[in-house]
S.K.: 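Got a structure here, written out as structure tokens. Questions coming.
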There are 2 protein chains.
Amino acid sequence: MAESNKENTENKILNAAKAIFQSKGMDGSRMQEIADKAGINKALLHYYYRSKQVLFEAVFSNAFSLIAPQLNKILDSDLDLFDKIRGFAKNYISFISKHPYLPNFVINELHRNPGFILKLKEKKEFPNFEKFTNQINEYVEKGLIRPIAPEQLFLNLISLNLFPIVGSPLFKLLLNLDDITYKKLIEDRKTEVAEFIIHSIKIK
Amino acid sequence: MAESNKENTENKILNAAKAIFQSKGMDGSRMQEIADKAGINKALLHYYYRSKQVLFEAVFSNAFSLIAPQLNKILDSDLDLFDKIRGFAKNYISFISKHPYLPNFVINELHRNPGFILKLKEKKEFPNFEKFTNQINEYVEKGLIRPIAPEQLFLNLISLNLFPIVGSPLFKLLLNLDDITYKKLIEDRKTEVAEFIIHSIKIK
DNA sequence: ACATTTGTTAACCAAATGGTTAAACCGAAT
DNA sequence: ATTCGGTTTAACCATTTGGTTAACAAATGT
């Protein structure tokens with residue numbers, strides 16, 4: 001029972017830390033708040049994770065490692081390019097809608113502590129763009145799509161999918177939309193984005 | 001001389017605060033650090049701005065008020081839709097490249113303190129989308145572009161322009177690119193993005 | 001010249017915060 | 001029953017941090 005209890009506590013800590021860190025960032029989060037949310041004592045928090053920094057890195061690392069595989073799952077598949085784009089939009093928007101803090105969290109902390117990047121580069125599996133890149137070049141050669149640098153297409157794909165979610169408070173404010181209307185707008189994008197991209201590159 | 005000295009001090013404070021707040025956010029910034037950067041005493045900082053919150057709001061408000069006019073300047077002009085899109089891409093990417101922290105700063109703090117949104121709504125001039133919206137609908141009716149919701153086109157336009165800059169640390173990491181290569185990629189986007197959009201919507 | 005207001009500083013303070021310590025608790029092996 | 005390991009807690013500590021105070025300096029008005 002000790003074993004499962006330990007597991008349990010560790011889980012409670014990680015979940016609490018994830019919630020707090022991802023919504024308030026490293027600087028805005030308090031160890032006490034994390035302890036409270038996990039239903040434990042602050043000292044116990046330090047028993048499991050020596051310092052705030054260590055706990056934070058555990059959460060961050062975990063968050064980051066969600067991104068790459070999710071990207072790969074689609075980019076590195078055997079689908080036809082157009083279906084890949086469609087699948088990506090549909091799946092990734094759903095995924096990010098479930099973890100809306102994730103991209104912002106990662107971007108902020110990557111920015112806050114650039115040294116962290118090196119650590120990630122060593123350890124983490126990265127998305128494999130080779131297949132995607134080759135596929136695009138192939139489509140260009142065959143005259144199926146107009147010439148475009150694969151990196152640019154990738155940037156477009158990600159930007160169109162993520163930014164409306166990452167920047168939702170800004171967009172809601174600028175467009176003067178309420179939550180429900182904005183949500184509907186995002187929902188529409190699950191198909192809208194793919195068609196937008198395909199229209200742009202496909203040669204009819 | 002007292003007057004200009006005051007102006008001078010106030011300016012030094014605002015510039016310092018802007019630099020610190022925009023790169024570290026509200027929580028990550030220290031009043032002492034701002035005072036140091038402004039070359040003054042911490043007490044003097046509080047003499048000019050009663051509290052951290054007040055100083056922060058001054059900086060934030062100022063930052064935010066840069067965004068809307070910049071948007072309007074282009075969206076609300078009399079240009080042909082396609083030229084408008086081209087102009088937007090070229091100008092806005094330049095603008096944001098000069099203030100790369102801005103969007104992220106605004107988004108984060110909007111998220112951190114949603115109550116702030118209300119204050120902004122009252123005071124600030126907002127981008128005027130009417131002209132842009134009408135123009136798009138007009139182009140659709142005339143059969144010059146395929147049907148698209150103006151809000152979606154707006155989201156696309158902003159996302160394609162901003163996100164590669166906002167998310168640069170993430171993209172550099174994912175694509176495994178160094179600063180120079182990435183900068184070149186962004187530079188290319190000043191024309192690339194507009195063509196991408198126009199290809200997508202224009203009916204030939 | 002003198003008083004008054006405005007700008008500036010050094011020293012100080014209370015609260016918050018990350019982290020530590022020493023003791024208590026608890027299940028399992030002896 | 002007792003010891004022993006890991007787990008958990010309450011109380012504590014040192015430092016950081018936003019903010020204040022009181023005194024000094026520099027303008028400004030009369």
Side-chain angles (χ1 to χ4, degrees), chain A residues 1-62 105 108-109 112-113 115-116, chain B residues 1-63 105 108-109 112-113 115-116 119:
Chain A
M1 200 97 298
E3 189 67 15
S4 83
N5 222 340
K6 185 178 179 177
E7 287 291 306
N8 191 24
T9 304
E10 180 122 17
N11 251 350
K12 282 192 294 179
I13 290 177
L14 279 175
N15 284 334
K18 196 171 136 184
I20 305 279
F21 276 139
Q22 290 194 11
S23 88
K24 308 193 173 185
M26 168 74 162
D27 296 323
S29 301
R30 301 289 152 241
M31 291 299 267
Q32 186 61 60
E33 201 182 353
I34 294 172
D36 288 348
K37 183 145 202 161
I40 60 165
N41 189 286
K42 186 161 62 102
L44 190 56
L45 196 54
H46 280 93
Y47 175 75
Y48 279 86
Y49 292 89
R50 218 167 314 116
S51 66
K52 191 183 184 184
Q53 184 63 26
V54 168
L55 177 55
F56 180 80
E57 292 189 11
V59 170
F60 183 89
S61 208
N62 193 273
F105 173 68
N108 284 154
E109 304 304 334
R112 215 181 57 89
N113 182 1
F116 215 73
Chain B
M1 202 94 299
E3 190 68 12
S4 83
N5 221 340
K6 186 179 178 178
E7 288 292 306
N8 190 26
T9 305
E10 180 123 18
N11 252 351
K12 283 193 294 179
I13 290 177
L14 279 176
N15 285 335
K18 197 171 136 185
I20 306 280
F21 276 139
Q22 290 194 12
S23 87
K24 307 192 173 185
M26 167 75 162
D27 296 323
S29 301
R30 301 289 151 240
M31 291 300 266
Q32 187 61 60
E33 200 182 354
I34 293 171
D36 289 348
K37 183 147 202 160
I40 60 167
N41 190 287
K42 184 162 62 103
L44 190 57
L45 195 54
H46 279 93
Y47 176 75
Y48 279 86
Y49 292 89
R50 218 168 311 119
S51 67
K52 189 184 185 182
Q53 184 64 25
V54 168
L55 177 56
F56 180 80
E57 292 189 10
V59 170
F60 183 89
S61 209
N62 193 273
F105 174 67
N108 283 155
E109 303 305 332
R112 215 180 56 89
N113 182 2
F116 214 72
K119 276 194 201 169

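The shown structure was predicted, so the numbers you read here are calculated from the model rather than taken from an experiment. All chains are named by letter (A, B, ...) in the order of the sequence lines, taking the proteins before the strands, and each is independently numbered beginning at 1.
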S.K.: Please confirm whether the shortest side-chain N or O distance from A:Y49 to OP1 or OP2 of C:dG19 is below 4.0 Å.
M.R.: no
S.K.: Roughly, in whole Å, what's the span from CG in A:L45 to C1' in D:dT8?
M.R.: 12 Å
S.K.: What is the distance, rounded to the nearest whole Å, between atom CZ of A:R50 and atom C1' of C:dG19?
M.R.: 13 Å
S.K.: When the distance from CD1 of B:I34 to P of D:dG18 is rounded to whole Å, what number comes out?
M.R.: 8 Å
S.K.: What pairs of nitrogen or oxygen atoms, one from the protein and one from nucleotides 11-14 of chain C, lie under 3.5 Å apart?
M.R.:
none

S.K.: Of the listed nucleotides (C:dT9, C:dG19, D:dT7), which one gets closest to any side-chain atom of A:L44?
M.R.: D:dT7
S.K.: Rounded at 0.5 Å granularity, tell me how far CE in B:M31 sits from CD1 in B:I20.
M.R.: 11.5 Å
S.K.: Let me know the distance between CD1 of B:I13 and C1' of C:dT8, rounded to the nearest Å.
M.R.: 11 Å
S.K.: Respond yes when some side-chain nitrogen or oxygen of A:T9 is under 4.0 Å from OP1 or OP2 of D:dT8, and no when none is.
M.R.: yes
S.K.: What is the distance, to the nearest angstrom, from the CD atom on A:Q32 to the P atom on C:dG18?
M.R.: 9 Å
S.K.: Taking 4.0 Å as the cut-off, does a side-chain nitrogen or oxygen of B:R30 come that near to OP1 or OP2 on D:dG18?
M.R.: yes
S.K.: Taking side-chain contact (heavy atoms from CB on, under 4.5 Å) as the definition, give me every residue that meets it alongside A:N62, ordered by chain and number, with sequence neighbours left out.
M.R.: none
S.K.: Does A:Y47 put a side-chain nitrogen or oxygen below 4.0 Å from OP1 or OP2 of D:dT7?
M.R.: yes
S.K.: Quick one: pull up NZ in B:K24 and CD1 in B:I34 and give me the separation to the nearest 0.5 Å.
M.R.: 10.0 Å
S.K.: On DNA chain D, does the nearest nucleotide to A:G39 precede the nearest nucleotide to B:Q53 from the 5' side, or the other way round? Give the residue.
M.R.: A:G39
S.K.: Among the nucleotides C:dT9, D:dT9, D:dG6, which one has an atom lying closest to any side-chain atom of B:I40?
M.R.: C:dT9
S.K.: Between A:D36 and A:Q32, is a side-chain hydrogen bond (donor to acceptor under 3.5 Å, both in side chains) present by the stated rule, with each step listed?
M.R.: CA-CA 6 Å; A:D36 288 348; A:Q32 186 61 60; 3.0 Å; yes
S.K.: Answer yes or no: is there a donor N or O on one side and an acceptor on the other, between the side chain of A:K52 and the main chain of A:M26, under 3.5 Å?
M.R.: yes
S.K.: Would you call the rings of A:F56 and A:F21 parallel, tilted or perpendicular, where under 30° means parallel and over 60° means perpendicular?
M.R.: perpendicular
S.K.: Using OP1 and OP2 only, check whether a side-chain N or O of A:S51 sits under 4.0 Å from C:dG18.
M.R.: no
S.K.: Rounded to the nearest angstrom, tell me the gap between atom OH in B:Y48 and atom P in D:dG18.
M.R.: 20 Å
S.K.: How many Å lie between NE2 on B:H46 and P on C:dG7, as a whole number?
M.R.: 17 Å
S.K.: Can you tell me how far the CG atom of A:N41 sits from the NE2 atom of A:H46, to the nearest 0.5 Å?
M.R.: 11.0 Å
S.K.: Would you kindly give the CD-to-P distance between A:E10 and D:dT8, to the nearest whole Å?
M.R.: 11 Å
